[in-house]
Novice: 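Following this message is one structure expressed as structure tokens.
Source: prediction; values computed, not measured. In what follows, chains are A, B, ... by sequence order, proteins preceding strands, each numbered from 1.
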Protein chains: 2
Amino acid sequence: MAATIHDVARHAGVSSRTVTNVLNDYKWVSDETRRRVRRSIDELEFVPNPVARNLRLGRTGLLALAVPNLMASYFAELSEALVDAATLRGFGVVIELTKADPAEELRLLATRARSRLFDGLIFSPLGLGPRELHEVKCMLPVVMLGERVHGDFDHVGVDNVQAAADAVEHLIAMGRRRIAVIGRDNGTGIYRTEGYRRALEHAGIVYDESLVAPTSNYFLDDGSAAMAHLLDQGVMPDAVFCCNDTLAIGALRTLFEHGLHVPNDVAVVGFDDVDDGRYAIPSLTTIAPDKAGLAAMAVDRLVRRMDGDTSPAADLVIPHRLVVRESTAGLAAERATPRAHQRRPRPAASTTRQATSGVASKRPSRSGARRDGTGTS
Amino acid sequence: MAATIHDVARHAGVSSRTVTNVLNDYKWVSDETRRRVRRSIDELEFVPNPVARNLRLGRTGLLALAVPNLMASYFAELSEALVDAATLRGFGVVIELTKADPAEELRLLATRARSRLFDGLIFSPLGLGPRELHEVKCMLPVVMLGERVHGDFDHVGVDNVQAAADAVEHLIAMGRRRIAVIGRDNGTGIYRTEGYRRALEHAGIVYDESLVAPTSNYFLDDGSAAMAHLLDQGVMPDAVFCCNDTLAIGALRTLFEHGLHVPNDVAVVGFDDVDDGRYAIPSLTTIAPDKAGLAAMAVDRLVRRMDGDTSPAADLVIPHRLVVRESTAGLAAERATPRAHQRRPRPAASTTRQATSGVASKRPSRSGARRDGTGTS
DNA sequence: GTGAAAGCGCTAACAG
DNA sequence: CTGTTAGCGCTTTCAC
């Protein structure tokens with residue numbers, strides 16, 4: 001029913017070879033012929049079958065993107081950035097959700113049935129041990145996102161340890177001492193918690209196990225539950241470092257329900273600079289990785305591998321910066337930094353690791369009475 | 001390099017026909033042969049090339065999902081639901097972002113180059129006029145999501161008008177009279193605003209243009225800006241109906257910044273029941289569509305069309321329900337309905353259109369002084 | 001039960 | 001500059 005290249009050839013009175021030449025913009029087709037072929041293509045409403053082309057070329061123009069889920073804003077934003085980056089380079093992106101079992105999923109994708117369907121795979125594991133990865137031998141180029149991983153994979157991501165340390169250092173600079181952490185029980189969380197530990201150590205604060213809240217996952221309710229756990233244990237931190245923004249927003253909710261004021265009673269800092277954080281109440285201090293840069297790098301890396309680059313696996317570090325908002329600096333700071341509230345699209349992320357706004361390093365006075373959270377005036 | 005079916009055949013001492021038979025679980029292959037072929041497959045680490053199979057079969061096992069973006073939580077959650085539903089039925093999902101120009105994107109996907117790459121297309125337009133759609137003649141099955149659309153497309157979605165009316169009726173039942181609306185300037189928003197209008201009319205409240213806030217889009221900052229616009233105009237509503245949760249969460253932020261208490265000063269209700277809404281401060285009253293049901297229906301519909309169903313385009317309506325939370329009922333109501341805070345996964349959505357919790361229909365007293373937003377005790 | 005062979009629609013040597 | 005032709009790797013009709 002649909003026209004083929006041969007139909008076009010016959011219709012135009014040329015051979016199929018000439019039609020491909022026209023389609024693929026080869027040189028050395030006479031203008032006259034080209035015109036005739038073009039007309040036939042239009043007239044027959046011919047559209048080349050990409051599947052046949054794929055078979056012939058051995059490439060599909062499709063990348064697989066494996067993420068745990070799309071509910072957590074970070075993965076939604078990351079996916080969007082990656083689809084953008086891929087589209088720019090002419091690739092389609094197939095989303096695979098690794099929910100249940102990332103390790104199994106990777107094995108499936110990298111070694112099994114679907115593999116030939118994709119030209120490359122971008123894998124963003126959340127909590128994947130090095131061991132699971134080691135035994136995977138891939139049939140296609142793979143780029144790993146998230147935590148650095150020991151294996152023969154290209155990797156692109158922020159310096160989790162350093163970034164987390166930056167975040168916690170900020171809390172310390174604000175005068176906090178009893179700093180809890182939420183989100184350790186997880187691949188990425190381990191690195192970020194390590195950064196937390198280093199920042200404490202550097203400031204001469206002892207690492208206190210009781211300030212580490214257990215978390216099963218990285219959703220809003222996990223953050224909420226972890227915070228509740230801390231509070232129920234009678235642990236009363238004066239700050240919380242959350243291994244991602246989603247956990248942090250969940251924690252904010254629990255603090256709110258407990259009648260605790262953020263940041264006066266407890267300061268909160270997240271990680272990822274998800275859009276929601278800017279609109280959270282209070283708005284969330286966080287670590288902002290350059291997501292667009294990350295996406296571009298990942299796709300570029302993949303393309304390079306597809307083109308035959310066989311250099312050893314690279315570990316690409318993308319810049320991050322600390323963004324200070326109300327959840328650590330209070331309303332005053334937010335008011336002083338209207339950028340925290342700017343309209344999208346945001347300007348390209350800076351490459352510094354320092355706070356964007358010069359907030360006073362002195363800790364806000366903590367009145368015994370709770371301040372009005374609605375921030376009248 | 002990679003083994004083909006012929007390599008396996010030779011290795012097993014059979015013909016390629018027999019190998020396919022084994023692969024596709026045909027009957028009438030002797031156990032002995034089957035075993036031998038299986039062993040060869042394992043030994044050669046053969047994995048069938050899906051692209052070749054696609055070409056032969058004329059199907060790719062891929063669905064295209066076109067959504068405006070993934071930043072707005074609704075689309076992220078919708079996409080996740082659709083990927084789940086598709087995966088269950090053996091389909092992969094390619095995400096296409098329609099950002100800039102949905103009409104053009106649809107034309108591209110449905111009629112041009114990529115079409116043969118997908119077995120079906122799920123299109124979730126945000127603000128797409130009927131006109132743009134009419135001239136699109138599709139080369140593949142399409143299911144439309146979101147607003148009902150005049151065209152020859154299958155459609156699945158909630159009854160936007162009725163659902164919006166339910167939401168606004170709830171506000172009226174809570175004693176609100178000056179109800180603003182955010183999000184009209186948009187395909188879906190038009191229907192929802194129509195529901196808003198009907199609910200007002202039904203209650204004998206006049207529709208006041210000055211309570212309609214202009215919005216350019218459906219992101220957090222659009223909600224925030226629209227709310228600010230209302231307030232700056234000196235319009236002081238006692239409630240706001242937002243055409244989606246994302247707008248509502250943005251609006252909450254602006255109200256917070258203006259020192260207004262929700263719901264005491266202004267009640268807010270959203271639409272979509274996005275995960276974030278449950279953790280917003282205050283938690284957000286909203287309309288909950290059955291997203292999983294919607295996703296399943298959309299994919300089923302597509303599969304049916306692929307199987308040759310040529311019945312006239314269907315308009316499938318999925319159930320919705322009103323979920324009452326703090327943003328209209330105050331803290332007390334939330335405390336009384338712990339479900340609003342339950343852990344994921346949520347139970348299947350009910351099919352009723354009524355509020356899940358029986359909140360008092362009496363309006364909470366509005367003290368002159370602002371209440372403490374942090375909700376001590 | 002299994003083999004031989006045609007062909008899905010396209011691209012790219014190889015001739016001319 | 002253009003025509004002929006051999007596949008890409010798989011499924012399937014048709015024979016045996």
Novice: From the options D/dT11, D/dT2, C/dA4, select the nucleotide whose nearest atom is closest to the side chain of B/L23.
Specialist: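 The answer is D/dT11.
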Novice: For A/R56, report the nucleic acid contact type (base, sugar-phosphate, nothing); a contact means any heavy atom under 4.0 Å.
Specialist: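 Result for A/R56 = base.
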Novice: How many whole angstroms separate atom CZ of A/R53 from atom C1' of D/dG9?
Specialist: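 Interatomic distance, CZ of A/R53 to C1' of D/dG9: 19 Å.
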Novice: Nearest nucleotide by nearest heavy atom, which residue falls closer to the 5' end of DNA chain C, A/S16 or B/R17?
Specialist: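 By nearest-heavy-atom nucleotide position, the 5'-most residue is B/R17.
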Novice: Counting only side-chain N and O atoms of B/S30, is one of them less than 4.0 Å from OP1 or OP2 of C/dT2?
Specialist: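 Yes, such a contact exists.
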Novice: Can you tell which of D/dG7, D/dG9, C/dT2 lies closest to the side chain of B/N49?
Specialist: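 So the side chain of B/N49 is nearest to D/dG9.
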Novice: Base, sugar-phosphate or nothing for B/V14? Non-hydrogen atoms, less than 4.0 Å.
Specialist: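 The residue B/V14 makes sugar-phosphate contact but no base contact.
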Novice: Quick one: do A/R35 and A/D42 make a salt bridge, cutoff under 4.0 Å?
Specialist: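 Looking at A/D42 together with A/R35, the answer is no, because their closest N to O distance does not fall below 4.0 Å.
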Novice: Whole angstroms only, please: what is the CG-C1' distance between A/D31 and D/dC1?
Specialist: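 A/D31 atom CG is separated from D/dC1 atom C1' by 12 Å.
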Novice: Counting heavy atoms from C-beta on, name the nucleotide in D/dT2, D/dT11, C/dA12 closest to the side chain of A/L57.
Specialist: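 So the side chain of A/L57 is nearest to C/dA12.
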Novice: Using whole Å, report how far CD1 of A/I5 lies from C1' of C/dG7.
Specialist: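 The distance from CD1 of A/I5 to C1' of C/dG7 comes to 16 Å, rounded to the nearest Å.
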Novice: Provide, to the nearest angstrom, the distance between the NE2 atom belonging to B/H6 and the C1' atom belonging to C/dT2.
Specialist: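 That distance rounds to 14 Å.
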Novice: Can you tell me which nucleotide in D/dG9, C/dA12, C/dT2 comes closest to the side chain of A/L55?
Specialist: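 Closest nucleotide to the A/L55 side chain: D/dG9.
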Novice: Given atom CG of A/N21 and atom P of C/dA15, what is their separation to the nearest angstrom?
Specialist: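 About 18 Å, once rounded to whole Å.
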Novice: Quick one: does A/R10's side chain have a donor or acceptor within less than 3.5 Å of a partner on A/S16's backbone?
Specialist: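 Checked: no pair found.
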Novice: State whether B/T4 places a side-chain N or O below 4.0 Å from either non-bridging phosphate oxygen (OP1 or OP2) of D/dG9.
Specialist: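 The answer is no; no side-chain N or O of B/T4 sits under 4.0 Å from OP1 or OP2.
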Novice: Can you tell me if B/T18 touches the phosphate of C/dG3, counting only side-chain N or O atoms and a distance under 4.0 Å to OP1 or OP2?
Specialist: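 Checking C/dG3 against B/T18, a side-chain N or O does come within under 4.0 Å of OP1 or OP2.
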Novice: Salt-bridge test for B/R304 and B/D154: reply yes if a basic N is under 4.0 Å from a carboxylate O, no otherwise.
Specialist: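 No, no charged N to carboxylate O under 4.0 Å.
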Novice: For A/G146, does its backbone N or O pair with a side-chain atom of A/S124 as donor and acceptor, under 3.5 Å?
Specialist: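 Such a contact is absent between A/S124 side chain and A/G146 backbone.
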Novice: What's the CZ-P distance between B/R35 and C/dT2, to the nearest Å?
Specialist: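 Going from CZ in B/R35 over to P in C/dT2 covers 12 Å.
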Novice: Would B/D315 and B/R301 pass as an ion pair if we require N to O under 4.0 Å?
Specialist: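 Salt bridge: no.
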Novice: Taking any heavy-atom pair under 4.0 Å as a contact, classify B/N54: base, sugar-phosphate, or nothing.
Specialist: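 No contact at all - B/N54 keeps every heavy atom at 4.0 Å or more from the nucleic acid.
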Novice: CG of A/D7 versus C1' of C/dC10: gap in Å, rounded?
Specialist: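 Spelled out: CG on A/D7 to C1' on C/dC10 is 13 Å.
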Novice: Tell me: CZ of A/R36 to C1' of D/dG3, nearest whole Å?
Specialist: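 Atom-to-atom, A/R36 to D/dG3, this comes out as 14 Å.
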Novice: For A/A52 and A/Y26, find the nucleotide of DNA chain C closest to each by heavy atoms; which residue's nucleotide sits nearer the 5' end?
Specialist: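 It is A/A52 whose nearest nucleotide is closer to the 5' end.
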